[in-house]
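In what follows, every chain begins at residue 1, and chains take the letters A, B, ... in the order their sequences are listed.
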There are 2 protein chains.
Amino acid sequence: MKRNTWQRQAVRSALGESAGFVSAQELHASLRDAGSPIGLATVYRALADLAVEGDADSLQSVEGESLYRACASPRHHHHLICRSCGTTVEVEADDVEEWAAATAARHGFTEPRHVIDVFGLCAACTSAGPRVAASPPSP
Amino acid sequence: MKRNTWQRQAVRSALGESAGFVSAQELHASLRDAGSPIGLATVYRALADLAVEGDADSLQSVEGESLYRACASPRHHHHLICRSCGTTVEVEADDVEEWAAATAARHGFTEPRHVIDVFGLCAACTSAGPRVAASPPSP
DNA sequence: AGCGACTTTGACAACCATTATCAATAACGG
DNA sequence: CCGTTATTGATAATGGTTGTCAAAGTCGCT
């Protein structure tokens, strides 16, 4: 059985307040900054639980870090993520869902799960920050 | 300028011979098994170079490991990966490309890079692997 | 071929996110 | 209120990846 501790509530609410996707480390840091003595391991555990229960989405950043976000809508959706400021937009992708399922089926694959996320620079960051050398032409 | 060393060639050809996606560690291990005294760091560097030059595709496994594969076609494509045996199929996704670009643009995002991969069970593993516990001799 | 400048290599240490450990603590049912 | 039992958290361990730097190799040039 799951017990209701202030730590889990803290993680839950901190996750709800953060705008985009957050890493466990970041979440732990901000909780600490807010004065909470919560432990790092606990944050990891709470996030993993939330993800399992379906109350949080999780995805891997391009660097391989696990990112979490409060799952707003029960509907299945994907994300458009600014790789500079972290802002995320939830996007519907019905067509793509179908494409994924159809493609899997056409090749005899079953139980398809897809990873479909788009990283880019949001409007604000685009105008603000042509900072690094041009990103390599995406393959 | 890039120099042409036997180490890079070894990595290149080893990558070309491997069927599906391979991790740097695995590739290093198999090179070592084949008698090559190549160093681990070198394998990482060679793979990173190959990925940058566009001669290899890279993606992150669900566990966050970086996986590489020789990029057969110069065309941009995505992958359908069996999460049981690792077999990969290259799939075209023009529609999805457009969708990603359009979606990014619609929200003011620029320089979109997308992560679109479908994991499933291939036909072989599907039939072989309804690995439900075999009913033991009921006493 | 020989030479010199400049890469590349590789053993090893450093890093960093994540997970396991385990005694102490706190939550819940009764 | 009490006992059971999940949970916490400081710390160690893990494991993939990257940095370090002297030694060795590669290439352009003559």
TODO: Answer whether the closest heavy-atom distance between the side chains of A:Lys2 and A:Glu53 falls below 4.5 Å.
DONE: yes
Open item on the list: Do B:Leu27 and B:Leu47 make a side-chain contact, defined as non-hydrogen atoms from C-beta onward lying under 4.5 Å apart?
Closed with: yes
- [ ] Check the pair A:Trp99, B:Val118 against side chain to side chain contact (heavy atoms under 4.5 Å, CB included), reporting the backbone distance first and the verdict last.
- [x] CA-CA 10 Å; A:Trp99 168 85; B:Val118 184; 4.2 Å; yes
Task: Donor-acceptor contact below 3.5 Å, side chain A:His28 vs main chain A:Thr42 - done: no
Task: Donor-acceptor side-chain pairing of A:Ser23 and A:Gln25 below 3.5 angstrom - done: no
TODO: Name the residue closer to the 5' end of DNA chain D, choosing between B:Glu65 and A:Gly39 according to the nucleotide with the nearest heavy atom.
DONE: A:Gly39
Open item on the list: If I take atom OH in residue A:Tyr44 and atom P in nucleotide C:dC16, what distance separates them, rounded to the nearest angstrom?
Closed with: 13 Å
TODO: Quickly work out the A:Tyr68 OH to C:dA17 P distance and round it to whole Å.
DONE: 13 Å
- [ ] Check the distance between C:dT25's C1' and A:Arg45's CZ and give it to me in whole angstrom.
- [x] 13 Å
TODO: Check the pair A:Val11, A:Ile38 against side chain to side chain contact (heavy atoms under 4.5 Å, CB included), reporting the backbone distance first and the verdict last.
DONE: CA-CA 9 Å; A:Val11 169; A:Ile38 195 171; 3.9 Å; yes
Open item on the list: In this structure, how many angstroms lie between the C1' atom of C:dC16 and the CD atom of A:Gln60, rounded?
Closed with: 15 Å
Task: Close residues, residues 2-14 of chain A, relative to DNA chain C [heavy-atom separation under 4.0 Å] - done: A:Arg3, A:Asn4
Open item on the list: Could you report the tightest heavy-atom contact between A:Ser18 and A:Val22, atom names first, then the distance?
Closed with: OG-CG2, 3.1 Å
TODO: Look at the aromatic rings of A:Phe21 and A:His79 and report parallel, tilted or perpendicular, splitting at 30° and 60°.
DONE: perpendicular
Open item on the list: Under 4.0 Å, heavy atoms only, any strand: does B:Ser23 hit a base, just the sugar-phosphate, or nothing?
Closed with: nothing
Task: Stepwise side chain to side chain contact (heavy atoms under 4.5 Å, CB included) check, B:Val91 with A:His107 - done: CA-CA 10 Å; B:Val91 295; A:His107 292 274; 3.8 Å; yes
Open item on the list: Using five base pairs at each end to define the local axes, how bent is the helix from C:dA1-D:dT30 to C:dG30-D:dC1, to the nearest 10°?
Closed with: 40°
- [ ] Figure out the CZ/C1' separation between A:Phe21 and C:dA17, and round it to whole Å.
- [x] 18 Å
- [ ] Extract, from 5' to 3' on DNA chain D, the first and final nucleotides lying under 4.0 angstrom from some heavy atom of chain B.
- [x] D:dG16 to D:dC27
Task: Side-chain (A:His78) to main-chain (A:Ile116) donor-acceptor, under 3.5 angstrom - done: yes
Task: Whole-Å gap separating P (C:dT8) and CD1 (B:Ile38) - done: 14 Å
Task: Trace of the side chain to side chain contact (heavy atoms under 4.5 Å, CB included) decision for B:Gln60 with B:Glu65 - done: CA-CA 5 Å; B:Gln60 309 246 349; B:Glu65 220 177 353; over 6 Å; no
